[in-house]
Amino acid sequence: MAKVANGPLGSLNGKINNLGFYMLNGQHICRTIGDPGKPSINQQANRREMSVTMQMVSSIREFISVSFDLEARGTVKNAHNLATSYIKKKALKGQYPNLSVDYSKVELSHGTLAGATDLKLEKREKGVQISWNTKGRYDDIVMILLYHPLKRTATSRINASRRDTGTCFIELDHDGFLEEPIEAYICFRAADGKEISDSVYLGNLNGEAETEEQISEKRKYAEVKQRFSIVEADYLGQMQGNRGNPVDSKAFRTLEKEYEVLKNKLEHLPGKPG
């Protein structure tokens, strides 16, 4: 059933057959309902892109709710929509299904305020030290985001410091954050909240985090290697016991075949330790 809000020609609200009608941010939305069937390769790729994007977006909600607030005002979009769109369109790398975020291309704010220059990101004993050029309005607020890919969480500092301080220390001496990969970003926000700068990528600490695909490949390689070690020991042991000659039995021929298959697989299987 659908409700007609404004008379016979008014907007619909509800369901008609396989169509659903509803309001979203003041706009009338219509979408299909039901089983869409088997997804195409393009649809699967799009879903994978969205999944990779959301792994980061869902972890930085606190930061983007402020950094994209001005850009979202007066539009039907919100901060979450904007962050998702920018990362998905501009900051993904690789080919399906091996997709990941290119953190150097992530955009977390857009604005006209003077941005950060002469940036420096340093790892200290109990945290990270960030410094910048103080040129600009002295009372601009510094916003810093430290993203932790392995834990899929973030350390957000919405009011980290003022521009005129030129430096900020963020303590990370907990939960192993300081020893894991860190992707860092900075932007400035006017004291009255009416302007913001473009975000700037500060850089990476502790190396890039492995993607899910890389982790899976390493796990699979380790499993095959473990099985190969068992088969290899048995195969070589029987060969040695028979003076270097194959044993004339069905069981040995089966063992020999598995040995050759596993050996060949290990030579071509991704995930091999560097």
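Values in this document were obtained by computation on a predicted structure and should not be read as measured data.
- The shortest non-hydrogen separation linking Gly115 to Arg163 is O-NH1, 3.7 Å.
- Grouping the Ile, Leu, Val, Met, Phe, Trp and Tyr side chains by contacts below 4.5 angstrom, directly or via other members, places Val106 with Ile64.
- No more than 12 heavy-atom neighbours from other residues, nucleotides or ligands sit within 6.0 angstrom of NZ on Lys120.
- Looking only at side-chain heavy atoms (C-beta outward), Ile144 and Cys168 come within less than 4.5 Å of each other.
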Problem - Pair Gln240-Leu236, side chain to side chain contact (heavy atoms under 4.5 Å, CB included): steps then yes or no - result: CA-CA 6 Å; Gln240 183 177 6; Leu236 295 179; over 6 Å; no

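- At a threshold of 4.5 Å between non-hydrogen side-chain atoms, the residues Leu255 and Val231 count as touching.
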Practice task
Check step by step if side chain to side chain contact (heavy atoms under 4.5 Å, CB included) holds for Lys263 and Glu232.
Solution key: CA-CA 9 Å; Lys263 183 178 181 181; Glu232 181 183 41; over 6 Å; no

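- The shortest side-chain heavy-atom distance between Tyr103 and Pro181 does not fall under the 4.5 Å cut-off.
- Side-chain contact check for Lys135 versus Thr117: every heavy-atom pair is 4.5 Å or farther apart.
- Residue Leu70 is not grouped with residue Phe188 when hydrophobic side chains (ILVMFWY) are merged at heavy-atom distances under 4.5 angstrom, including chains of intermediate members.
- Heavy atoms only, all atoms of each residue included: Phe228 and Leu262 are closest at CD1-CB, 3.6 Å.
- Of the N and O atoms on the side chains of Asp234 and Gln238, at least one donor lies less than 3.5 Å from an acceptor on the other residue.
- A salt bridge does not link Lys77 with Glu71: none of the charged nitrogens is closer than 4.0 Å to a carboxylate oxygen.
- Remark: Ile170 CD1 to Thr155 OG1 distance equals 7.0 Å, nearest 0.5 Å.
- Arg162 and Asp164 make their closest contact through NH2-OD2, 2.8 Å (heavy atoms, listed as atom of the first residue, atom of the second, distance).
- Here the CD1 atom belonging to Ile141 is positioned 15.0 Å from the CZ atom belonging to Arg157, to the nearest 0.5 angstrom.
- Here the side chain of Ser59 pairs a donor or acceptor atom with the backbone of Arg152 at under 3.5 angstrom.
- Residues Ile60 and Ser156 are not in side-chain contact: their nearest non-hydrogen atoms beyond the backbone lie 4.5 Å or more apart.
- Side-chain atoms of Ser85 do not come within 3.5 Å of backbone N or O of Asn81 as any donor-acceptor pair.
- Heavy-atom neighbours of Tyr138 OH from other residues, nucleotides or ligands within 6.0 Å: at or below the threshold of 12.
- Note on Leu108 and Val52: same hydrophobic cluster, where clusters join Ile, Leu, Val, Met, Phe, Trp and Tyr whose side-chain heavy atoms are under 4.5 Å apart, directly or indirectly.
- For Lys93, the salt bridge (charged side-chain N to carboxylate O under 4.0 Å, His left out) partners are Glu208, not counting sequence neighbours.
- Between Val101 and Leu92, the closest side-chain pair of non-hydrogen atoms falls below 4.5 Å.
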Practice task
Run the numbers on Asp248 and Arg253 for side chain to side chain contact (heavy atoms under 4.5 Å, CB included), then give the verdict.
Solution key: CA-CA 8 Å; Asp248 186 16; Arg253 288 192 290 273; 3.3 Å; yes

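- Hydrophobic clustering (ILVMFWY, side-chain heavy atoms < 4.5 Å, transitive): Leu172 and Ile158 are in distinct clusters.
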Practice task
Check the pair Ile182 / His148 against side chain to side chain contact (heavy atoms under 4.5 Å, CB included), numbers first and verdict last.
Solution key: CA-CA 5 Å; Ile182 298 172; His148 312 286; 3.9 Å; yes

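- Note that CE of Met56 and OG1 of Thr153 are 11.5 Å apart. Values are rounded to the nearest 0.5 Å.
- Atom OG of Ser65 sits about 10.5 Å away from atom CG of Asn78, to the nearest 0.5 Å.
- Residue Leu145 is not grouped with residue Leu202 when hydrophobic side chains (ILVMFWY) are merged at heavy-atom distances under 4.5 angstrom, including chains of intermediate members.
- Under a 3.5 Å cut-off, the side chain of Ser51 and the backbone N or O of Arg47 do not form any donor-acceptor pair.
- Within the model, atoms CG of Leu150 and CG of Asn206 stand 9.5 Å from one another, a figure rounded to the nearest 0.5 Å.
- Listed here is the closest heavy atom pair of Glu122 and Arg124: OE1-NH2, 3.1 Å.
- For the pair Arg219 and Glu223, the minimum side-chain heavy-atom distance is below 4.5 Å.
- When every heavy atom of Ala72 is checked against every heavy atom of Thr75, the shortest pair comes out as O-OG1, 2.7 Å.
- Within the structure, every pair that satisfies the side chain to side chain donor-acceptor pair (under 3.5 Å) test and touches residues 187-198, not counting sequence neighbours, is listed here: Thr112-Glu195, Arg137-Glu195, Asn159-Arg189.
- Using a 4.0 Å cut-off between charged side-chain N and carboxylate O, Lys88 and Glu49 make a salt bridge.
- The structure places CD1 of Ile186 at 10.5 Å from CE of Met143, a figure rounded to the nearest 0.5 Å.
- Closest heavy-atom contact between Val128 and Leu205: CG1-CD1, 3.5 Å.
- Looking at Tyr147 and Phe63, their side chains never come closer than 4.5 Å, going by heavy atoms from C-beta outward.
- Among residues at least two apart or in separate chains, ring pair (Phe, Tyr, Trp, His ring centres under 6.0 Å) pairs with a member in residues 189-209 are Tyr185-Tyr201.
- Within 6.0 Å of CD on Gln95 lie no more than 12 heavy atoms contributed by other residues, nucleotides or ligands.
- Taking 4.0 Å as the cut-off between side-chain N and carboxylate O, Glu179 and Lys123 count as a salt-bridged pair.
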